[in-house]
Amino acid sequence: MLKEEISSGGVVVFNNAILLLKKFNGDWVLPKGKIEEGESSKDAALREVFEEGGVRAEIKEYLGEIHYTYKENWDENRPVHKTVHWYLMTCKNMETTPQKEEGFVEAKFIHFNQVLSLAKYNDETAIIEVALKKIKSRR
Ligand code: ATP
């Protein structure tokens, strides 16, 4: 039987840069995390951006969802089907604090020119592209 997991995260923009987090293994990813019981997907996204990157952001609009399936090491036979909701966010400065306890060694605003090639997962790159289109149409 499939296990379902729902997370929520942010594409956080400051000037011409987007917040990415670097994991211990070197992968650059967007901030996200599981939605808690009774929590809205927006609140979860804002909370995770703060917990993982130390950034206080505000939501501008919904960007869409991605889906992937992965296997937990301790239960190979029960794949996890995951949905992640993404929000476009802005913030007022570039200060970050990566959460070492959650395995992030760096939290950094990466320029629009570099962010697509740096992001590890294709589905996160696609969401960043959606965000970039929306930002450019807003400006
Ligand atoms: P969360 O950040 O939502 O609390 P988590 O840290 O428990 O989640 P994931 O980040 O979903 O877990 O990672 C679980 C597995 O899925 C890992 O093997 C990871 O490499 C893989 N994974 C993470 N993000 C993606 C993605 N966008 N596309 C495909 N696979 C991914």
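Here the structure is a predicted model, which means the values were calculated and not measured. Ligands are counted one by one from 1 in listed order, and the atoms in each one are counted from 1 as well. One is the number of the first residue; the rest follow in order along the sequence.
- Salt bridge Lys60/Glu58: present, at least one basic N to carboxylate O contact under 4.0 Å.
- Taking the side chain to side chain contact (heavy atoms under 4.5 Å, CB included) definition, one finds that Gln114 meets it with Ile110, sequence neighbours left out.
- For Asn93 (side chain) and Glu95 (main-chain N/O), a donor-acceptor pair under 3.5 Å exists by modelled atom type.
- For the side chain to side chain contact (heavy atoms under 4.5 Å, CB included) test, residues two or more places apart in sequence or in another chain that qualify with Tyr70 are Glu5, Tyr68, Glu72, Val80, Lys82.
- Protein residues having at least one heavy atom under 4.0 Å from any atom of ligand 1 are Ser7, Lys32, Gly33, Lys34, Ile66, Tyr68, Tyr70, Lys82, Tyr121, Asp123, Glu124, listed by chain and number.
- Tyr62 and Ser41 share no donor-acceptor pair across their side chains, judged by distance under 3.5 Å alone.
- Under the rule for a salt bridge (charged side-chain N to carboxylate O under 4.0 Å, His left out), Glu102 has no partner lying at least two apart in sequence or in another chain.
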